[in-house]
Each structure stands twice: as C-alpha cells, then as structure tokens.
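It should be emphasised that the depicted structure is a prediction, and the values quoted were computed from it without experimental measurement.
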Amino acid sequence: MSLRQFEYALAVAEAGSVTAAAELLRVAQPSVSQQIRGLERELGVTLFARTPAGLVPTAVGRAFLRDAEVAVRAARRAKATARAGADELEGELVVAAQMGLGTRQLPGALSALRRRFPRLEITVFEEANPAELERLARRGVVDLGLVGGECEEGLYEGHHLGDEEFVVVLSPEHARLAADRVELCQVAREPWIRFDHGSALDGVLREVLRDNGLAPTTVARVSQTATAVRWAAHGLGVTLVPASAVPPGFEPLTRPVHPTVSMPAVAVVRPGTGPAEMALLEFLRQETWHYTGFADNGSGSSHNWVMPPSTTNSAPVV
C-alpha cells in the first residue's frame, strides 16, 4: 500500500465518485480506478459499495479510511517539518476550536500565521461537542486545539492562554433597566436560549444553573453562539455566552453576571510538535485573553469557575 492509494481512497469517499475524485486530485480517471481496485485487491476487502447515488464506503471501508486519514495527515506534517528550516513551511495545519472560544482572538493569530508561512494550508473547524473533539484528537487529526479546560493525559500538552468571561445577553428593553452587573437570580425567571445537548456551552450553563440552585425555562436550543445572541436581542429569551463570542453591535445588550462565570482558554498541541503549531501557539499568546473588565457591583468576588485546568495532568497547563 502507498500514501497515494490512501489519498485516492479518501478523495473518492469525499467526492462520492471516481470521476469527481479525479477532478479533485487533478489526475486521470483511470488512474484513480486502478489505484482503488489495486488497494481493494491487496486488502482483500471491498472498500466502497456501488450505489445509484455513487460510491459509498462500506463498514470496513469506513474503518480503513479513518486510519488512512491519520496516515496521510502524519505524512503531510512530516513533510512540512522537513521544509521548515528554509522558512518555506508547506503542508496542512488542522485547527479545532471549541465553539464559543477564541472567536475574537483566533482570526488575528491565524492571519499572522499565514503572513509568516504563506504556503501553509490551514484548515479550521468549530466543534460544539467536547466528545467529538476528543475523538478527533485520538485519531491524530487535530494539530492544535482550543478548548475550555484540561487536555487528555499524554495525548496533548496544554498551554493556558487566559480566561473567557461569560456574559448574559438581554433584550433591548431589559438592557435599558439592567445594572452594570446582573445577578443570576434576577434572570432566573426569564426564558433561556440554550445550546445543543452535549455541547460544551450547554454544559457551562447547566453547571452554573445547578451551582446556583436555578431551574429556568428553556425556550429554545441553538447550535451557534451568534444565533443565541441574535434571538436574545429580539426578546425571545436570555442567553449566556463567552464575551468574545458576542457579534459586533450587540455589546450594549450584554452584562457580566454575579457570581462571575469564566472558563480557561487552553491551547493543546502534541508533545514535540512542529514549527507551525508552535508559531500559532505563540501568536495566540500575543492575543488578549482576560476578563471583560466590567466593574463589579460591590457584591463580592465570588466566581463560577467552569472546567478549570487539571492540576493532576502529567502534561501541565503552562
């Protein structure tokens, strides 16, 4: 087997046909067909089922493709590392961010990275479910992750960048009457716009409500922070999001809460990682990670610390 065969199989799975895969790879269609047939013959299995809708990976094909993707990405990272000495870093860098974290900081760091390594291909995706992020990390797909808490022991190293403070988003009518800092109990009776079950952001809200003995009504569940903010602005309910995730123009509708709700922002990379990851980590460190700076209302300094970095992890947060 060869990496070329792995790449061809992944392209077929993505495109759904040999013809489309050939166009994606910019090679002749017979070459793709030959490589796939040779791969199936060598493995002694059928990787793709021929259906009216196109080529669909079989059960064994899906298992094979997961490992093939890891192998291809590892080869690209090795190639990029080998070329890094001449400041002509190439290859692909995959960044995964927990939804709601780094909305303000990540674009600036990525722009700086692209200026430094213009030939580097960067893929970024936002993931709401921490379990899915962990699955991708175990598969070796993610080069750098931005998460709200500890990292898997021995798998990635965590670097504490700072903390994200959460704010409540109110309707314009409520915002005009609200104090500089809102007591959670004051909005407990309001309908709440929450996030999908299993998402990290809904986990934050669930812990905050539980810790403060609150059980408000859920009026809607959404999958994006911007949607939650906009719906709250239209008076559908209130929501709780990281301050940096508030879209421009909606800041006057936000208030910090008491007790303060905050979450550590942690960049995770593999031990002995390459120059691209380390460069992005440094650019992320240069971004502003701190509380929103709202004045306290004098009721104390109590905090809700959500998912703090582990103090027992052998890969310390630094």
Side-chain angles (χ1 to χ4, degrees), residues 96-106 124-137 142 145-152 158 162-171 174 182-247 250 253-266 268 289 291-292 302-310:
Q98 180 178 303
M99 187 179 73
L101 279 181
T103 306
R104 179 184 64 242
Q105 299 91 345
L106 193 55
V124 185
F125 61 91
E126 192 176 50
E127 176 55 55
N129 194 323
E132 178 63 15
L133 276 177
E134 182 179 348
R135 185 182 70 83
L136 293 173
V142 178
L146 188 59
V147 299
E150 60 207 43
C151 56
E152 182 71 18
D163 299 285
E164 285 273 24
E165 184 175 356
F166 281 66
V167 294
V168 66
V169 186
L170 309 168
S171 68
H174 284 150
V182 172
E183 298 280 343
L184 281 171
C185 60
Q186 294 175 339
V187 291
R189 295 184 179 180
E190 298 292 332
W192 279 75
I193 302 167
R194 299 181 61 173
F195 297 94
D196 293 338
H197 291 287
S199 68
L201 289 182
D202 195 60
V204 170
L205 182 56
R206 187 168 57 249
E207 291 185 24
V208 168
L209 296 176
R210 182 197 61 204
D211 293 346
N212 290 275
L214 305 176
T217 301
T218 299
V219 69
R221 287 189 180 272
V222 298
S223 57
Q224 297 295 324
T225 53
T227 302
V229 171
R230 288 185 172 90
W231 286 16
H234 279 84
L236 186 63
V238 300
T239 193
L240 189 72
V241 298
S244 67
V246 176
F250 290 88
L253 303 181
T254 67
R255 296 290 188 278
V257 295
H258 181 83
T260 301
V261 179
S262 56
M263 179 167 56
V266 178
V268 295
W289 300 85
Y291 292 151
T292 55
S302 179
H303 286 63
N304 282 298
W305 287 102
V306 182
M307 294 182 292
S310 172

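Under a 3.5 Å cut-off, the side chain of T239 and the backbone N or O of I193 do form a donor-acceptor pair. Of the possible donor and acceptor atoms, one in the side chain of Q186 sits under 3.5 Å from a partner among the backbone N and O of E183.
At a threshold of 4.5 Å between non-hydrogen side-chain atoms, the residues L236 and P191 do not count as touching. Counting only heavy atoms from C-beta outward, the side chains of W192 and L240 approach each other to under 4.5 Å. Using a 4.5 Å cut-off on side-chain heavy atoms (C-beta onward), V208 and P259 make no contact. Side-chain contact check for Q224 versus R230: every heavy-atom pair is 4.5 Å or farther apart. Counting heavy atoms from C-beta outward, S199 and N129 have side chains that stay 4.5 Å or more apart. Side-chain contact between F250 and V169: absent, with no pair of heavy atoms (C-beta onward) separated by less than 4.5 Å.
In this structure, A245 and G100 approach most closely via the heavy-atom pair CB-O, 4.0 Å. In terms of heavy-atom proximity, L106 sits nearest to A97 at CD2-CB, 4.1 Å. G148 approaches Q98 most closely through the heavy-atom pair N-OE1, 3.2 Å. Contact record, G102 with L146: CA-CD2, 3.8 Å, taken as the closest heavy-atom pair. Here the closest heavy-atom approach between residue V229 and residue P247 is recorded as CG1-CD, 3.8 Å. Among all heavy-atom pairs drawn from S244 and E164, the shortest one is OG-OE2, 2.7 Å.
Residue E207 holds its CD atom at 10.5 Å from CG of L209, rounded to the nearest 0.5 Å. Note that OG1 of T260 is 5.0 Å distant from CD of E165, once rounded to the nearest 0.5 Å.
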N/O donor to acceptor pairs below 3.5 angstrom from side-chain atoms of residues 213-223, sequence neighbours left out:
residue, atom, partner, partner atom, Å
T218, OG1, R194, NH1, 3.4
R221, NE, H197, NE2, 3.1
R221, NH1, F195, O, 2.6
R221, NH1, D202, OD1, 3.1
R221, NH1, D202, OD2, 3.2

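Other residues, nucleotides and ligands contribute only 12 or fewer heavy atoms inside 6.0 Å of the CZ atom of R189.
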Worked check of side-chain contact (heavy atoms from CB on, under 4.5 Å) between V241 and V246: CA-CA 7 Å; V241 298; V246 176; 3.9 Å; yes

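Considering V182, L253, L170 in turn, L170 is the only one that fulfils the side chain to side chain contact (heavy atoms under 4.5 Å, CB included) rule with V238.
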